[in-house]
**Q** 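Next up is a structure, given as structure tokens.
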Amino acid sequence: MKVAIVGAGPAGSHLACQLSKHGFDVLLFDARPAWEKPCGGGVTSKALREFEFLRDGQSPKQMISSLRLISAAGRDLTVTPSNEFAIYSRKELAEIMRQRAVAAGAQLRVARVEKTNFSNGHWLLETSVGEFTADFLVGADGASSVIRRRVGVKFDAKDFAYALGWHVRSAEIVSRVDVKYLDDASGYLWLFPRHDHLSYGIASGYQEMPPARLKEKLLAYIETEDPAAAREIRNAEGNTTANTNFYAAILPALDVKTWDGLRACDASKAWALIGDAAGFVDPLTGEGIYYAIKSADLLAEAMKTRVADFDAMWRAEFGAELRRASQLSDRFYYGSFAGARLTERMVQFAKRHRGIREVLRDLVAGEQGYTDLKPRLVRSLATVF
Ligand SMILES: Cc1cc2nc3c(=O)[nH]c(=O)nc-3n(C[C@H](O)[C@H](O)[C@H](O)COP(=O)(O)OP(=O)(O)OC[C@H]3O[C@@H](n4cnc5c(N)ncnc54)[C@H](O)[C@@H]3O)c2cc1C
């Protein structure tokens, strides 16, 4: 069977690799050579444990053993994750993953897929380098997926978050991640160190706060932490310079109702969606790399046996978790407890109580799910009062 995969990010490249290993004839398209996609590049220890190629010594990454959580009021708490996690440059990760796909037998084309048409059981793809045919089409083309729209899966503005930030070149190696909650919006801002630069970013609900205010919030934080970097950014005035690079992007953050109605494949019409194209991102944290790779794994498994099972497979594997994260998201960012914001209290209580610190430590490592989070927190809180 000939499979056309649109998008060679983590989802598309991993699927191309897995299917090629199992004898499928794979065409993998990406509009660009490997690139620095706007992303924190954070990969949880759960993902490192599950996917060996992420752990191997060849992939350049910054290992992280310390995370500073900062409340909107400026209280901070340093958490040591139960296992180290990694920060990747997305360009380097894309290079590694594309090479794996090609080594397994996939044909990689740097080409934009412009139009797709399904007739007589076959797909015709019009691309920037010519036409191709395939028996099955996979949309792995990210948050603004054209394939998702083409196959009729609809997301609204409420199903997205918005992020912006700067990559800043730095000679200093930092092995700590900062996450700071916002005082008047959902989401958070972050400092994620890469092995040769720092990635600063801020994410919130789509259209929840004007980009200019998000920029000012992030710059205010950078100014307190690294005045030299803040000066570089202000001097660059939004332009890319040798030392700074501005980015802005949307990411999926699906609403509960969208999770309930979501279909990521139709075997009778020979299509499937994976990764961001399918909306597989944790709506509370924005983590999507793990779900991109995991959904590719599951789809490869389903295509070897029965494609129609893919929807049941991703729902069982991580769908309930991500739906739960969506349910919790508003309460987490806007909820209050004992007269203050929940995020404020969380940092405050965790500073004093080991049980809550341990829950946070496991959450950060990706080892604590959302569906069983509440009972564990209630047990920990019972020891507080
Ligand atoms: C600011 C920000 C920070 C984030 N931080 C993190 C983080 O720290 N950790 C984490 O786990 N997740 C993070 N995410 C989410 C993560 O980036 C995504 O979930 C992940 O990249 C999804 O992988 P993917 O392969 O599905 O899509 P992508 O990585 O977006 O890849 C899609 C590919 O499709 C290509 N493409 C698009 N359209 C076409 C077309 N028509 N023809 C050909 N090619 C096309 C693109 O060029 C791209 O290479 C973040 C997201 C944002 C926006």
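Both counts, for ligands and for their atoms, begin at 1 and track the order of listing.
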**Q** Just let me know how Ala249 lines up against ligand 1, side chain, backbone, both or neither, with a heavy-atom cut-off below 4.0 Å.
**A**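 Near ligand 1, Ala249 shows its side chain, while the N, CA, C and O stay back.
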**Q** Check this for me - ligand 1, Asp276, N or O atoms closer than 3.5 angstrom, yes or no?
**A**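 Such a contact does occur with ligand 1.
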**Q** Heavy-atom distances under 4.0 Å are what count here, so tell me which part of Pro10 touches ligand 1: side chain, backbone, both or neither.
**A**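 It is both parts that get close, each with some atom under 4.0 Å.
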**Q** What part of Phe192, side chain, backbone, both or neither, has a heavy atom within less than 4.0 angstrom of ligand 1?
**A**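 The part of Phe192 near ligand 1 is the side chain, not the backbone.
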**Q** Taking it one step at a time, do Tyr290 and Phe318 satisfy ring pair (Phe, Tyr, Trp, His ring centres under 6.0 Å)?
**A** CA-CA 10 Å; Tyr290 171 76; Phe318 57 73; 7.4 Å; no
**Q** Please list, chain by chain and in numerical order, all residues satisfying side-chain contact (heavy atoms from CB on, under 4.5 Å) with Ala106, sequence neighbours excluded.
**A**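 Residues passing side-chain contact (heavy atoms from CB on, under 4.5 Å) with Ala106: Ala16, Ser20, Val26, Ala101.
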**Q** Quick one: does Gly201 get a heavy atom under 4.0 Å from ligand 1?
**A**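 No, Gly201 has no heavy atom closer than 4.0 Å to ligand 1.
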**Q** Please work out, at 4.0 Å between heavy atoms, whether the side chain, the backbone, both, or neither of Ala203 comes within that distance of ligand 1.
**A**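 Looking at Ala203 and ligand 1, no heavy atom falls under 4.0 Å.
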**Q** The criterion is side-chain contact (heavy atoms from CB on, under 4.5 Å); which residues satisfy it with Lys351, sequence neighbours excluded?
**A**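 Applying side-chain contact (heavy atoms from CB on, under 4.5 Å) to Lys351 gives Asp76, Leu77.
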**Q** Record the part of Phe280 in heavy-atom contact with ligand 1 below 4.0 Å; permitted values are side chain, backbone, both and neither.
**A**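 Neither; nothing of Phe280 gets under 4.0 Å from ligand 1.
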**Q** Using distance alone, determine whether Ala11 and ligand 1 share an N or O pair under 3.5 Å.
**A**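 Yes; the residue has a nitrogen or oxygen that sits under 3.5 Å from a nitrogen or oxygen of the ligand.
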**Q** Which one holds for Val6 and ligand 1: side chain close, backbone close, both close, or neither close, with close meaning a heavy atom under 4.0 Å?
**A**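 Under 4.0 Å from ligand 1, Val6 contributes side-chain atoms alone.
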**Q** Ignoring hydrogens and angles, tell me if any N or O in the side chain of Tyr188 forms a donor-acceptor pair with the backbone of Thr285 under 3.5 Å.
**A**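 At least one qualifying donor-acceptor pair exists.
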**Q** If hydrogens are left out, which of Cys39, Gly40, Ser145 has an atom nearest to atom 16 (C) of ligand 1, that is, the closest non-hydrogen atom?
**A**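 Among Cys39, Gly40, Ser145, the closest heavy atom to atom 16 (C) of ligand 1 belongs to Cys39.
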**Q** Do Ser89 and Glu36 have a side chain donor and acceptor closer than 3.5 Å?
**A**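 The criterion, which ignores hydrogens and geometry beyond distance, is satisfied for Glu36 and Ser89.
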**Q** Quick one: does Val281 get an N or O within less than 3.5 Å of an N or O on ligand 1?
**A**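 Between Val281 and ligand 1 (N or O atoms, distance only) the closest approach is not under 3.5 Å.
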**Q** Any non-hydrogen atom of Glu114 lying under 4.0 Å from ligand 1?
**A**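 No, that is not the case, since the closest heavy atom of the residue is not under 4.0 Å from the ligand.
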**Q** Please classify the Ala94 to ligand 1 contact at 4.0 Å (heavy-atom distances, strictly less than): side chain, backbone, both or neither.
**A**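 Looking at Ala94 and ligand 1, no heavy atom falls under 4.0 Å.
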